[in-house]
Amino acid sequence: MSILNLGSIPEGPLTLKINTLQRHYACFGSSGCGKTVLSKVFIEELASNGVPVIAIDPQGDIASLAELAEEGVAKQKGVNPKVRQEFSENVEVVVWTPGSSKGMPICINPLQFDGVEELNAEDKIRYFSATAKNIVNLIGFELDSDDGKSSEAVLSTLFEYCFNSNILLNSFKDVIQLINDLPGPVEEVVGTVATGKLMRTLHKKLSLLNLGARKLIFHTGVPASIDTLLGLDGSTDKTRISVIYLNTLHTAEEKNFFISGICQLLYSWMLKNPLADGQDGLQCALVIDEIAPYIPPVKVPACKDSLNLLFRQGRKYGVSCLVATQSPGDIDYKAVAQFSTMAIGTLNTEQEKRKVKGRLESVAPKEINFIMRKMPVSAYRRRTSIT
């Protein structure tokens, strides 16, 4: 079984069986305690073991993986030259820049329903609903408001109708045209959930997606696909790390839209690519640094439901999820419950420690007192990232 080399402790090397990550991994700790460095080590180790990675990078810290340190510099940091050489020969890092023509642009057109025909009826409904919610949030509706919920219902019904009727939606102009002249079956549903005023507002907000820089998100760059992001499209013979650099997007809504879109694509991909009977292990990994804004405890951003769905079901398909944030209280407790492996850095308050303790007791009840005594002192010397 493959082993991840994470660093060392006084007793010797600190390693982790790679299949442990099938039940997901979370890193908690205050700013500056090394969360991102540890996340980069995990990414490097996974790719070195042949597991491709999609990394969501909100601040540009993970994008530095694309810059392999000079051999002399790496050696000074204690990195084995052989490890560096093998990484260089067998792994490639691609930094994608959504909404920007600089770098390696990538786009998501939410109206392209490729592969949806292979989903079962329940998953199709979930897909159209998630797509509608994502668009509604992007154009400025509050998702928990009456207008937001009604707009979501309108778009979800319209998308389902178009799919079942083999009507292609190439752009939001096609959606706007259908809203202006609703098909009979859709009009009946819309009449029960939306007023004329709301439909005019929806029309106006959707029209703005065809103007200015925002349209770059949908049409500029390589169309996002999981096979492309994982390097399984025949474009490389190396294990690919795809870093999606979110700072090329300008608003929280755009970032939520893109994360949700990637999660939907990954969910559909894993349903179509299940592990074979009796097969175990990882097919790929999704890493999200500084995840707190995207799956908070109370608010419901557009990507929250898609993230929770991946966290709940990913392990069955060999899709590992790795996240990092400052405090366990920053993210929804239901999400925390899906993570069985944790790295704990410095926690600043007793409340944060209690939240960690509650989760750790469920996975390591006999060792909980020992673990709590170790916090917040680091229990290991982390391995230096190759980069």
When every non-hydrogen atom of Thr131 is compared with those of Pro110, the smallest separation belongs to CG2-O, 3.5 Å

CD1 of Ile125 to CG of Leu119, rounded to nearest 0.5 Å, is 11.5 Å

### Task
Under the side-chain contact (heavy atoms from CB on, under 4.5 Å) rule, what do Leu46 and Ile43 come out as? Steps first, then yes or no, please.
CA-CA 5 Å; Leu46 284 166; Ile43 293 170; 5.7 Å; no

Assess, by modelled atom type and distance only, whether the side chains of Asp289 and Thr36 contain a donor and an acceptor separated by less than 3.5 Å. yes

| message | Taking Lys149 first and then Asp144, would you say they form a salt bridge - that is, a charged N and a carboxylate O separated by under 4.0 Å? | response | no

- Query: Side chains of Thr325 and Glu290: do they bring a donor and an acceptor to under 3.5 Å?
  - Reply: no

For this session: State, with a plain yes or no, whether a side-chain heavy atom of Asn109 is found less than 4.5 Å away from one of Ile217.
Result: no

* **Met104 with Phe258, same ILVMFWY side-chain cluster at under 4.5 Å** => yes

Practice task
Please test Asp147 against Ser145 for side-chain hydrogen bond (donor to acceptor under 3.5 Å, both in side chains), starting from the C-alpha separation and ending with a verdict.
Solution key: CA-CA 5 Å; Asp147 283 351; Ser145 67; 5.9 Å; no

Test side-chain contact (heavy atoms from CB on, under 4.5 Å) on Leu202 and Val154; report intermediate values, then the result.
CA-CA 10 Å; Leu202 182 60; Val154 169; 4.0 Å; yes

Checklist line | Donor-acceptor pair, side chain of Ser260 and main chain of Phe257, under 3.5 angstrom | finding: no

| Do Ser48 and Glu86 have a side chain donor and acceptor closer than 3.5 Å? | no

field: Thr220 side chain to Ser101 backbone, donor-acceptor under 3.5 Å
entry: no

Self-check item: CA sep, side-chain torsions, deciding dist, call: Leu178, Leu169, side-chain contact (heavy atoms from CB on, under 4.5 Å)
Solution: CA-CA 10 Å; Leu178 285 170; Leu169 300 173; 3.7 Å; yes

Check your understanding: Val222, Phe218: one ILVMFWY side-chain cluster at the under-4.5 Å cut-off?
Key -> yes

Between Leu38 and Ala343, the two heavy atoms sitting closest are CD2-CB, 3.6 Å

OG of Ser2 to CG of Leu282, rounded to nearest 0.5 Å, is 9.0 Å

Hydrophobic cluster identity match, Phe172 and Leu208, side-chain contacts under 4.5 Å: no

message = Quick check against the 3.5 Å criterion: does Asn49 have a side-chain atom that pairs as donor or acceptor with the backbone of Val51?
response = no

Exercise. Can a donor-acceptor pair be found between the side chains of Lys40 and Ser64 at a distance below 3.5 Å?
Worked result: yes

Correct closest heavy-atom pair for Ile62 and Asp57 would be N-OD2, 3.0 Å

Taking atom CD of Gln313 as the centre, report whether more than 12 heavy atoms of other residues, nucleotides or ligands fall under 6.0 Å from it.
yes

* Asked: Is the backbone N or O of Leu249 less than 3.5 Å from a side-chain atom of Glu254, with the two atoms forming a donor-acceptor pair by type?
  -> no

The reported gap from OG in Ser39 to CG in Leu65 (rounded to nearest 0.5 angstrom) is 10.0 Å

- Query: Do Ser165 side-chain atoms and Ile167 backbone N/O form a donor-acceptor pair below 3.5 Å?
  - Reply: no

Below 4.5 Å, heavy atoms only, C-beta onward: do Met270 and Asn273 meet side chain to side chain?
-> no

One should read off an interatomic distance between Ile259 CD1 and Ile295 CD1, to the nearest 0.5 angstrom, of 10.5 Å

Does Asn180 reach the side chain of His203, with side-chain heavy atoms less than 4.5 Å apart? yes

Check: Is Leu111 reachable from Leu216 through a run of I, L, V, M, F, W or Y residues, each pair having side-chain heavy atoms under 4.5 Å apart?
Finding: no

Review point. Hey, are Glu122 and Arg126 close enough for a salt bridge, meaning a charged N less than 4.0 Å from a carboxylate O?
Key: yes

Q) Within 45° of the six-membered ring axis of Tyr294 and under 6.0 Å from that ring's centre, is NZ or CZ of Lys255 located there? A) no

Does any N or O in the side chain of Asn164 come within less than 3.5 Å of the main-chain N or O of Tyr161, such that one atom is a donor and the other an acceptor? no

Report yes if some heavy atom in the side chain of Val116 is under 4.5 Å from a heavy atom in the side chain of Lys124; otherwise report no.
yes

When you look at CG of Asn210, are more than 12 heavy atoms from neighbouring residues, nucleotides or ligands closer to it than 6.0 Å? yes

*asked:* Does atom CD (Glu117) have a neighbourhood of more than 12 heavy atoms from anything else shown, all under 6.0 Å?
replied: yes

Would you mind reporting whether Pro98 and Ile244 have side-chain heavy atoms less than 4.5 Å apart?
yes

*Consider only side-chain heavy atoms of I, L, V, M, F, W and Y, link residues closer than 4.5 Å, and tell whether Leu209 and Ile176 are in one cluster.*
yes

Aromatic contact between Tyr267 and Tyr317, with the criterion being ring centroids under 6.0 Å apart: yes or no?
no

- Query: In terms of heavy-atom contacts, does NZ of Lys299 have more than 12 from other residues, nucleotides or ligands at under 6.0 Å?
  - Reply: no

Within-4.5 Å side-chain heavy-atom neighbours: Leu230 and Thr239 | no

- [ ] Without swapping roles, check the side chain of Glu187 against the backbone of Pro183 for a donor-acceptor pair under 3.5 Å.
- [x] no

Item to complete: Please determine, by modelled atom types, if Ser340 and Arg315 share a side-chain donor-acceptor pair under 3.5 angstrom.
Response: no

- Query: What class does the angle between the rings of Phe339 and Phe311 fall in, given that below 30° is parallel, 30 to 60° is tilted and above 60° is perpendicular?
  - Reply: perpendicular

Verify the ring-centre separation between Phe113 and Phe128: is it less than 6.0 angstrom?
yes

Quiz item: So, the side chain of Ser320 versus the backbone of Ala285: is there a donor-acceptor pair under 3.5 Å, distance only?
Solution: no

Here the pair of heavy atoms bringing Ile179 nearest to Leu158 is CG1-CD2, 4.2 Å

Run the side-chain contact (heavy atoms from CB on, under 4.5 Å) check on Leu229 and Leu266 step by step: do they pass?
-> CA-CA 10 Å; Leu229 292 174; Leu266 183 54; over 6 Å; no

task = Would you mind reporting whether Leu286 and Ile56 have side-chain heavy atoms less than 4.5 Å apart?
result = yes

Here the gap from Leu206 atom CG to Ile135 atom CD1, rounded to the nearest 0.5 Å, amounts to 7.5 Å

Please check if the side chain of Ser150 supplies one atom and the backbone of Val193 the other of a donor-acceptor pair under 3.5 Å. yes

Is the shortest side-chain heavy-atom distance between Thr20 and Leu4 below 4.5 Å? no

Taking every heavy atom of Val336 against every heavy atom of Met342, the minimum-distance pair comes out as CG1-CE, 4.0 Å

To the nearest 0.5 Å, atom CG of Leu271 lies from atom OH of Tyr127 at 11.5 Å

Tightest non-hydrogen contact, residues Ser242 and Arg240, listed as OG-CD, 3.5 Å

Quiz question: by atom type and distance under 3.5 Å, do the side chains of Asp227 and Ser225 form a donor-acceptor pair?
no

Exercise for the section: State, without any angle test, whether Asn308 and Asp305 hold a side-chain donor-acceptor pair at a distance under 3.5 Å. Expected result: no

Distance-only, no hydrogens or angles: does the Asp174 side chain make a donor-acceptor pair with backbone N or O of Asn170 under 3.5 Å? yes

